[in-house]
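Shown next, in C-alpha cells, is the structure this report addresses.
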Amino acid sequence: MNSVTPFIGTPDATASAKPATARVPTDWTTKAMQSRIRRRYAAERRFRLAGLAAVWLSAGFLAFLLSSMLWQGASGFVETRVALPIDFAAAALPIEPARLTSRGADLALASAGLEGAVDSAATRAFGKDGEGLLSDGAWVTVRDALKADPGLLSRKTVIAVPVASPVDMAAKGDGPPEAEAVVARLKARGVLTRGLSMTFLTTADSTDATRVGIWGAFKGSLLTMIVTLLLAFPIGVLSALYLEEYAPKNRWTDLIEVSINNLAAVPSIIFGLLGLAVFLGTFGMPRSAPLVGGLTLALMTMPVIVIAGRNAIKAVPPSIRDAALGIGASPVQVVFHHVLPLALPGILTGTIIGMARALGETAPLLMIGMRAFIAAPPSGLRDPATVLPVQIFLWSDQVSRGFIEKTSAAIIVLLVFLLAMNGVAIYLRNKFETRW
Amino acid sequence: MTGIDVQRFGAISGLAVTALAGATLIGGCVDQANGGGAGSRDQITAVGSSTVYPFTTMIAEQLVANDPDAKAPVIESTGTGAGMKLFCAGIGAGHPDIEDASRRMKASEYKDCAANGAGQILEIQVGIDGIAFAEAKNGPKMQLTPTDLYKALAASPGGRPNTARVWRDVNPALPPVPIQVYGPPATSGTRDALAELILTKGCEASDPAAKPLAKSDPDAHKALCTRVREDGMYVDAGENDNLIVQKLQSNPNAIGVFGYSYLEENKNDVNGVAISGVQPTYATIADNRYPGSRPLYIYVKKAHLSAIPGLRTFLKLYAANWSATGPLVKRGLIAAPPAVQARSAAIIANETILDPAVLS
Amino acid sequence: MTNHKMTARDVSVYYGQKRAIDNVSIDVDMDNVTAFIGPSGCGKSTFLRTLNRMNDTVASARVEGKIELDGHDIYSPDMDVVQLRARVGMVFQKPNPFPKSIYENVAYGPRIHGLAGAKSDLDQIVEKSLRRAGLWDEVKDRLTDSGTALSGGQQQRLCIARAIAVDPEVILMDEPCSALDPIATAKIEELIHELRGRYAIVIVTHNMQQAARVSQRTAFFHLGTLVEYGDTSAIFTNPREERTKDYITGRYG
C-alpha cells in the first residue's frame, strides 16, 4: 500500500478519512523484481544441494568404514590349509579305537602323543621345517578327525590342517619373505587350500592367530545384552508410564525428571566405577561376569528408554485417553490397552538407540574386569567373559601380525550383531505401528 | 497386538524384573556368605605385566586345550605396578592368584602384601626379556648409550632442567635429529626396567654424586635419575605396543621403547637400536651382553595353590614350556639360563616361599 | 414429580482458585433430550463433564454440590468411577475412535466390563450397537477395517455405537456435530431422536437451531451460571430472562 499509516494521537488520525489514494498494482516484471525472484530460486537450489551433499557425505563415511572393514577383515574368516598325509597305522598310537568315542577321548589322545605324531608326519611330508609349517592347533583338527572316524587309527589318510600364522599371512599376501617362499613351493605342489575358518566362528580367544575365535566374545556380548534388555526395558517403560500418567506434577517429579535427563548424559565410565564399587565391592558379585556387565549397562541404558518412552507417551493424543475413560476403562486399562500400544514404536526406537550404545560400550566393562584373556566361552551368566568391543581392543594390542585381519573380522561380526539386533527391533516397531 | 496382550506383557515383565533383581541380590548375598570378596571361584586369575601377558595367556590356552573340562583361566593385562596393587590386596577368591611381573617385586610392595595377609608367595622366574629401543627402517640409524638416553629423557639431568632438543645436544657424535621417544607409561614394568636398567645407569655414569645418593636420600636419587621429562619429548604411548610400531613408521626420526618380543615380531618394519654397541638379539639378551636385559617373574600366592583347582597344573605346564626349545620362546620369550630354569622348577615343586630379604 | 434420572443441586466447579461453574441445579430425565446452550466459554462442557466425573482427570478441578444418579451421589467415595462411566456414556466433539478395527472399537467396552461371555454374545452386542447407531448396513462387510478409515460422520456414529455397547443409561454428547458436515449432522440428529426413548440424552451445542430441533428441555448457560432452564419451546418462544432473549435473537454469542 502506498498510503502512510498514521500513529494514534497524531492530528491526522481521525475517523473522517482522507480521500483514498488510488492503489498502484505491484509491477512484477521490473528488472529488480526479476533478479530478486531469480536469487530466491538460486538460494533454494543451493539449500537443496547442501542437503544432498550432507547426505552423500554421511553415506560416504559409512561406505568408507564398511568397505575398509570388509577389505581388511574378509580374509580373517578364511584359513589356509595344507594337505597333510598321515599314516596312523605306522604311527601306532597307544590308544584303543573304543576310547575315542568315550568322554576322556581328548585327554587320552593328548597323552598318547598325538601332537608328536602330527609333527613327525609334517616333517616327513615337508622336510625339516615341516613342523613349523603347521599351526599349533593342527593336531586338534587331526584329533577331531579321529574322533569322528575311529577307524582311521589303522589306516593312512590325508587331512587338511590349518597352517601356521606366518604362512597363512603369506598366502594372503602379507607375510615375511621366508614364508612367501614356502607358500610358493607349496602352491607348486598343489597342497594348499583355502576355506571358511570354522575355528574363527566357534572358538574363544587364543594367543595364536590361526586358533583364535570370536565365539567366546560373541556369547559374552549376547548374555550381557540379554541381561541389559531384561532389566532396562521393563524398568524404563514402567518408569516412563508412571512419570507421565500417574505422578503428580510437583517439585519432586520435576527433580526426578531432571535427574533422569542428566543420567542419560553421564559418561559411561562412571557407570563402570559404580559397577566396580557397588556390584563387585558391596554385593560381591563375580568379576568379569556378564551378569555384572549387564547390570552396569542396564543402569546406563534405562534413562535413554525413559526419555524416549516419555516422549512417545506424551505424543499419544488426549482424545484417545478421553475416549477410553469415557466408556469406563480404569486408568491401568487406559494405559496398557491404549496408550502403550500407540507409544510402543517410539519406545522401541529409544530402546534400539540405547541397546546399540550398550553393545558398543567398552569403558564401563573394562572397569568391572571384562578385559581378560579367557580361553573358553562362558557357560553361564556368572562365568568370566568378555564382550565383542573389548575383544577387538585386546586383539588390536597383540604382537602377532595375523591378529590385524582378525581384529577387522571381529569388527565385522560386531556390526552384523548390531544390524541383527536393530533389525529385530525395527521389525517389532513396524509391527506395532498403527496409522491413525 | 491387542490390549490384553500388552497387559499380559506388562505383568510378565514386572515379574521378570522382580525375579531377576531377587536372584541377583540373593546370588550376591550367598557369595558373601561363602567367604568374602567374590565368594567362591574355581578358575585361575592372573594380573600384571603386558610383557609377560603373551606367555601366561599361552599357558592358559594350553591348559584348556589339554583338558576341555578345565575352567579357563582369566588373565588380565594391567601393567606390573597396577597388578601388584591388586595382587597384594589380600588372600581369597576376590583377589588374583598370579601376578605377572616384568621386574622384581619391590620391598615396599612386599610389605603391603604381608600386611594384607598375602606374605607367603612364590617367586618364579619364567624367562628373560630385553627392553629394546627401535627406530623405523629408514631412520637415522643411531647408536646410543645409557648416558645419552639419560641426558635426553630425564626431567632434570644432573640436577638442572632438561634443555636438550636434538640428539646432538646430548652427544655431539649423534645426528641433529629432534628427540622424540615413544615409551611405556608409569604403570608399566617396562618403564620400571627403563628406569632401572638404562636411566639409572646413565645417571650414575654421568654424575659421580648420584651413586652415593641412592643410600643417603633414595627419594632424591629417584627424582634425579628416573624421573622422565614431561615436555613432550617423551610420549607415553600407553600399553599398546602395536601403536608405537605404527608411530615409528609414520615418524622415522622417533625412537620407540618396548619389549624384545615386539621388536622380533615387527622385524620387517623396525630396526633395533644398538645400546653401548650391542644390538638387541636373542643371543645378546640371553647372555646379558645387551644392557637392557631383565628377568621376567610370576608371583603366586601359596595359600591359593590348594584352594584353586588346576593352579599347580598351570605352574607345572609353565615350567614344561619355558625351555629354549619350547613354544614360549617361539612366542618371543628369551629362555633363562638352565641353572635359573632348574631353580624355578624346584620352587614350583617344593612350593618354596620367597624370602623378603632379597628384595630391594 | 417423576423421579429424575440424574439430579444436580448447587453444583460449583473450581479450577484451582478460579470458579468455572457457579451454583447450577439441573435435572436429567429418561424420556427427554436435554440441551445445554450458551456462548463459547460459558461452562456448558465443563458442567457436562461433571456428570460422568471426567473432570477427575484434571488435577486442579474441584467440584462442590451434589450430583446424583438414581438417587446415589456420584462423588461419594463408594461410587465406582469405572462403573459410573459405563452407565453414563460420553461422545466427544471430535470423533475419536480407537485406532483399532471397527469391531474392536465397539467390542472393547463390553469386553473390559465383562458384559459378554462367549464370542457369539460379543458379536451380538456389536451388531446391536452398530444397528442402533445406524451404522450397521454401512460397515457390516468390513468390520475388520480400521475405525479411523471411516468418514467423519461415520466415525462419530461409531463412537456413539461404542458408547451404546456398554448399555448405558445416560448418554452425554459434547457438541457431537460441530466437526461434521450438514448431511452427517442430520443423520446424527435423526439418531438422537431414535435413541431418545431408550437413554437419557444430554447434548451440549452451540447451534441454537439444533437445540430447538432435538431437545425437549433446554438450559442456557452464561459465564458459568445457569441463566434459564425449562421446556425447549418455552425457552425459544418466550424466554423469561433478558440475557436469554438477547442470546436467542442473536444479539451476541
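Throughout, protein chains are lettered first and strands after them, A, B, ... in sequence-line order, and every chain is numbered starting at 1.
- Residue C:Pro168: no heavy atom, backbone or side chain, is found under 4.5 Å from chain A.
- Closest approach of A:Ile327 and C:Tyr108 over heavy atoms only: CD1-CD2, 3.6 Å.
- Within the structure, the side-chain hydrogen bond (donor to acceptor under 3.5 Å, both in side chains) test picks out the following pairs touching residues 317-330 of chain A (sequence neighbours left out): A:Glu245-A:Arg321, A:Ser330-A:Gln333.
- For A:Lys249, the NZ atom counts as densely surrounded, since its 6.0 Å shell holds more than 12 non-hydrogen atoms of other residues, nucleotides or ligands.
- Using a 4.5 Å heavy-atom cutoff, the side chains of C:Arg111 and A:His337 are not in contact.
- Residues of residues 153-163 of chain C that come within less than 4.5 angstrom of chain A, heavy atom to heavy atom, are C:Arg162, C:Ala163 in numerical order.
- Scanning all heavy atoms of the two residues, the minimum distance from C:Val82 to A:Gly328 falls at CG1-O, 2.9 Å.
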Considering only distance and modelled atom types, tabulate donor-acceptor pairs under 3.5 Å from the side chains of residues 84-92 of chain C, sequence neighbours left out.
unit_1	atom_1	unit_2	atom_2	d
C:Arg85	NE	C:Asn52	O	3.3
C:Arg85	NH2	C:Arg53	O	3.0
C:Arg87	NE	C:Glu169	OE2	3.0
C:Arg87	NH2	C:Asp70	OD2	3.1
C:Arg87	NH2	C:Glu169	OE1	3.2

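- Residues forming a side-chain hydrogen bond (donor to acceptor under 3.5 Å, both in side chains) with C:Glu189 (at least two apart in sequence, or on another chain): C:Gln210, C:Arg213.
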